[in-house]
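Data first, discussion second: the structure below is written as structure tokens.
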Amino acid sequence: MSSILSLLVLLVSALWAARRIVAFALPTASSDRASRVAAFGTVSVAWCLVATHLLGIVSELFDATLVRMPLIAALSVVGAAALAIARRKRPAGNSQELSSDPERPAYRVAPTSRVWLVALVPVAVLHAGLIFDAALRPPTSFDGLYYHLPLMFEWLHGGRLELVPEVWKFCLPANSELWQMLFASTGIEPLIDLSMAPIGVLLATIVLATALQLGAGSTGARLAALFTLACPIVALQMYSSYTDLFGTTFLMGGLYWLIRLARSTPQPRQRIACAALAGLSLGVAVGTKFQFLAWTACLLLLAAIIFVVQIRMDRTGNTAPPALRLWPLALLATLPLAATFWYFRSYYHTGWPLYPLQVRIAGHVFGSGVPLEGATRDIRVPLEGLSALLYPWFEPKYSGYNYSVGNGLGPQFAVFAVLGAVYFLARRRLFATCGERLAKWVMLGFIGCGIAMFFTVLHLHPRYGLPLWVAAFAASAALAGVLSRLAPRSTTVLAGVTLTLAAAMIGLWPAKLLLGRVRDGALSRAKTYEMPELFDRLPRGTVVLNLGPHGMNYPLLGADRQNRVIDTMRVLHYRERGRLQLPLSAHELDEYAIEYVYTRGASAVPFSADVTYEAVYDDERDPRRVASTAPTRVYRVLRSRFALKDPS
């Protein structure tokens with residue numbers, strides 16, 4: 001109960017502070033509704049992350065367990081109170097009312113709203129079904145079960161955002177895991193996946209705002225937002241514990257504020273506000289995954305180009321105050337706020353801020369960590385050269401299964417996004433002013449950089465190109481608006497059919513699984529994960545060794561996440577150093593305080609002759625087990641009573 005109250009206090013204080021900050025940075029007259037919602041969502045999430053980061057830094061410096069929900073909430077409340085005091089001390093009447101920045105409609109004739117209203121129906125039905133499904137099941141995404149979720153609960157148990165040098169996947173920037181950890185702390189398991197739904201809504205809002213800034217009408221912009229929500233990668237990651245959607249949302253936020261900055265009116269405060277929001281967004285993205293470093297570098301290059309062009313434009317007007325040139329400082333000052341902790345943590349523990357990422361330049365290796373080929377050795381690369389343009393529907397793995405986590409782009413991408421991006425490139429009618437032309441070239445520069453990166457490295461993981469696909473959706477808004485004006489009835493049918501097909505492609509499989517669980521009465525956590533129920537009832541602190549699939553790392557934590565699991569990644573690390581080899585010896589079991597051993601598929605007993613044990617579960621001869629499923633066995637070690645200790 002205390003964690004639930006702490007989460008509510010944290011969210012309420014973050015939302016209150018974000019509302020104050022956005023009201024100060026973007027007065028009502030200076031902004032459309034979409035941009036204010038985008039700013040509000042960005043600041044709210046960043047506020048929660050920064051509060052946790054501050055406690056993480058103190059925990060590392062003083063070796064203290066301070067990353068606890070009550071402390072995070074208390075720090076957020078203190079920050080909100082300080083903000084309120086600072087606003088009260090600010091002299092009255094010093095508020096600078098900014099001129100509005102109206103969005104130019106695509107054409108003088110307003111297109112019918114029927115198009116996007118019809119398109120809204122299948123998308124709304126899809127997400128209602130996905131929310132219902134997510135509320136009735138524990139997390140099921142493979143990477144989440146493999147290492148995202150175990151990492152979150154390791155932080156919750158230990159009270160620190162601790163680096164795990166022996167497992168490189170536990171050393172990456174992890175803002176997305178941190179966001180989900182706040183909800184996981186409540187003990188309400190479905191909240192973990194549902195916590196990503198607001199992030200997807202924020203992404204759709206940013207796409208809508210970006211489309212408006214690029215000259216699309218309201219109908220085209222709304223359609224672009226719906227196209228994004230119906231993209232399989234986006235829709236399925238909104239209800240899973242994958243991290244790509246989280247980083248992409250804030251990267252696109254950085255792009256949006258740079259585009260707005262390129263078009264901004266010449267008030268210093270408006271430029272500084274847009275730059276600060278761009279820096280804050282990029283900081284959240286950089287603190288999510290290393291791949292966003294490359295994307296952010298592209299945007300910083302575009303920001304430098306904007307700065308140079310605006311200096312020339314300001315000099316031409318001969319009226320530019322020096323304050324107009326301060327916005328790059330605001331961008332660079334806010335960018336580290338939501339990212340510094342992860343790089344500080346790596347440097348503090350290893351002496352290399354990018355650990356475990358090695359940097360190779362001209363044959364020279366800089367820093368310690370894992371080579372790229374070692375980190376991606378389980379990825380097969382069938383797409384090379386021009387064939388990389390093929391429809392990226394799944395990620396094949398060496399292990400023989402399809403990594404089908406919704407990597408498809410959907411029919412709406414093929415119908416609207418590609419042609420829409422080409423149309424956006426070719427059209428000139430709407431880009432009359434220098435600022436509008438600069439905004440257009442910022443968008444095209446981002447798409448160009450994305451295509452270049454896709455051909456070089458991103459085709460290893462199609463979902464790593466998610467910012468490129470989302471940018472294409474935003475660019476397609478103008479074409480969608482034109483079609484809705486010229487042929488509203490045909491466009492209504494086309495948009496409705498493509499989005500209905502996309503919704504069916506995404507939603508049928510989750511619906512089938514849910515109906516199957518209902519039919520079989522398999523709605524319990526143990527039934528969903530196909531594991532023995534005993535793991536949900538073990539005493540708190542029981543140490544479990546997972547010798548089964550990677551996907552059991554999280555399920556074995558138990559219903560209340562009370563167990564301590566030695567996961568498969570740690571097993572591989574220990575075996576590389578000659579430990580935890582099969583058969584397991586009594587000395588190894590004692591050293592790691594192992595009480596239960598979970599296996600799947602192995603026929604031999606995993607213990608040496610000096611170990612006393614009992615088999616507490618074995619479904620090899622169970623007639624209810626599907627014949628194609630490997631048998632599951634669970635052993636309890638009886639050799640001695642262990643004093644529980646940290647298995648790491």
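- With contacts defined as side-chain heavy-atom distances shorter than 4.5 Å, the pair Val234/Met238 qualifies.
- Under the 3.5 Å distance criterion, the side-chain polar atoms of Arg271 are left unmatched by any main-chain donor or acceptor of Ala262.
- Heavy atoms only, all atoms of each residue included: Ala225 and Val207 are closest at N-CG1, 4.1 Å.
- Residue Trp441 places its CH2 atom among 12 or fewer non-hydrogen atoms of other residues, nucleotides or ligands, all under 6.0 Å distant.
- Judged by distance alone, the side chains of His127 and Tyr239 do bring a donor and an acceptor atom under 3.5 Å apart.
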- Task: Take Leu149 and Ile192 through the test side chain to side chain contact (heavy atoms under 4.5 Å, CB included) and record every step on the way to the result.
- Result: CA-CA 9 Å; Leu149 293 170; Ile192 300 174; 3.6 Å; yes
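- Ring planes of Tyr343 and Phe290: tilted class, angle from 30 to 60°.
- Within the 4.5 Å cutoff, no side-chain heavy atoms of Thr243 are placed close to those of Leu172.
- Note on ring orientation: taking the six-membered ring where Trp is involved, the planes of Phe446 and Trp295 are tilted (angle from 30° to 60°).
- Note that CG of Leu479 and CZ of Phe424 are 12.0 Å apart. Values are rounded to the nearest 0.5 Å.
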| message | Leu251 vs Leu299, test: side chain to side chain contact (heavy atoms under 4.5 Å, CB included). Steps then yes/no. | response | CA-CA 9 Å; Leu251 185 84; Leu299 288 179; 3.9 Å; yes
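- Side-chain atoms of Thr42 do not come within 3.5 Å of backbone N or O of Ala39 as any donor-acceptor pair.
- Checked by atom type, the side-chain pair Ser241/Ser141 shows a donor-acceptor distance below 3.5 Å.
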Inset, instruction - Evaluate the criterion side chain to side chain contact (heavy atoms under 4.5 Å, CB included) for residue pair Leu203 and Ile199; output intermediate values, then yes/no. - result: CA-CA 6 Å; Leu203 176 61; Ile199 305 302; 5.9 Å; no
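- Nearest heavy atoms, Met443 versus Leu255: SD-CD2, 3.9 Å.
- Expressed to the nearest 0.5 Å, how far CG of Leu161 lies from OG of Ser59 amounts to 7.0 Å.
- Checked by atom type and distance alone, the side chain of Thr334 pairs as donor or acceptor with a backbone atom of Leu331 at under 3.5 Å.
- With a 4.5 Å cut-off on side-chain heavy atoms, Phe246 and Lys289 do not count as touching.
- Proximity of Ile4 to Ile188: side-chain heavy atoms (C-beta onward) are separated by under 4.5 Å at one or more points.
- Separation of the Phe413 and Phe227 ring centroids does not fall under the 6.0 Å cut-off.
- Between the side chain of Trp327 and the backbone N or O of Cys274, no donor-acceptor pair lies under 3.5 Å.
- One finds the OG atom of Ser346 at 10.0 Å from the CG atom of Leu357 (value rounded to the nearest 0.5 Å).
- In the model, Ser13 has a side-chain atom that pairs as donor or acceptor with a side-chain atom of Ser76 under 3.5 Å.
- Heavy-atom minimum distance, Gln180 versus Ser240: OE1-O, 4.0 Å.
- Cation-pi geometry between Arg345 and Tyr355 is not met: the NZ or CZ atom fails to fall both under 6.0 Å from the ring centre and inside 45° of the normal.
- Rounding to the nearest 0.5 Å places CG of Leu26 at 11.5 Å from CD1 of Ile21.
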N/O donor to acceptor pairs below 3.5 angstrom from side-chain atoms of residues 48-58, sequence neighbours left out:
from  : atom 1 : to     : atom 2 : distance (Å)
Thr52 : OG1    : Cys48  : O      : 2.9
His53 : NE2    : Asn175 : OD1    : 3.0
His53 : NE2    : Trp342 : NE1    : 3.4

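- Ile206 places none of its side-chain heavy atoms less than 4.5 Å from the side chain of Phe250.
- By the 4.0 Å N-to-carboxylate-O rule, Asp32 lies close enough to Arg260 to be salt-bridged with it.
- Looking only at distances, no side-chain donor or acceptor of Glu60 sits under 3.5 Å from a matching main-chain atom of Leu163.
- Between Tyr147 and Phe170, the two ring planes are tilted [angle within 30° to 60°].
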Requested in this report: Start with the C-alpha gap between Phe292 and Thr248, add the side-chain angles, then the distance that decides, and say whether side chain to side chain contact (heavy atoms under 4.5 Å, CB included) holds.
Outcome: CA-CA 8 Å; Phe292 292 108; Thr248 296; 3.9 Å; yes
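- Rounding to the nearest 0.5 Å gives a distance of 6.5 Å between CG of Leu130 and CG of Leu236.
- Side-chain atoms of Asp244 and Gln291, non-hydrogen and from C-beta on, do get closer than 4.5 Å to each other.
- Put simply, the side chain of Arg263 gets close to the backbone of Gln213: a donor and an acceptor are under 3.5 Å apart.
- Rounded to the nearest 0.5 angstrom, Met252 CE and Tyr256 OH are separated by 12.0 Å.
- No side-chain heavy atom of Val442 sits less than 4.5 Å from a side-chain heavy atom of Leu261.
- Using modelled atom types, no side-chain atom of Ser476 and backbone atom of Gly420 make a donor-acceptor pair closer than 3.5 Å.
- Defined by atom type and a distance below 3.5 Å, a donor-acceptor pair is missing between the side-chain atoms of Glu177 and Trp155.
- Nearest heavy atom pair, residue Ser484 against residue Thr219, reads OG-CG2, 3.8 Å.
- Side-chain atoms of Thr288 and Trp179, non-hydrogen and from C-beta on, never get closer than 4.5 Å to each other.
- Between Trp257 and Ser281, the closest heavy-atom pair is CD1-OG, 4.0 Å.
- Nearest heavy-atom pair across Leu293 and Val286 is CD2-CG1, 3.6 Å.
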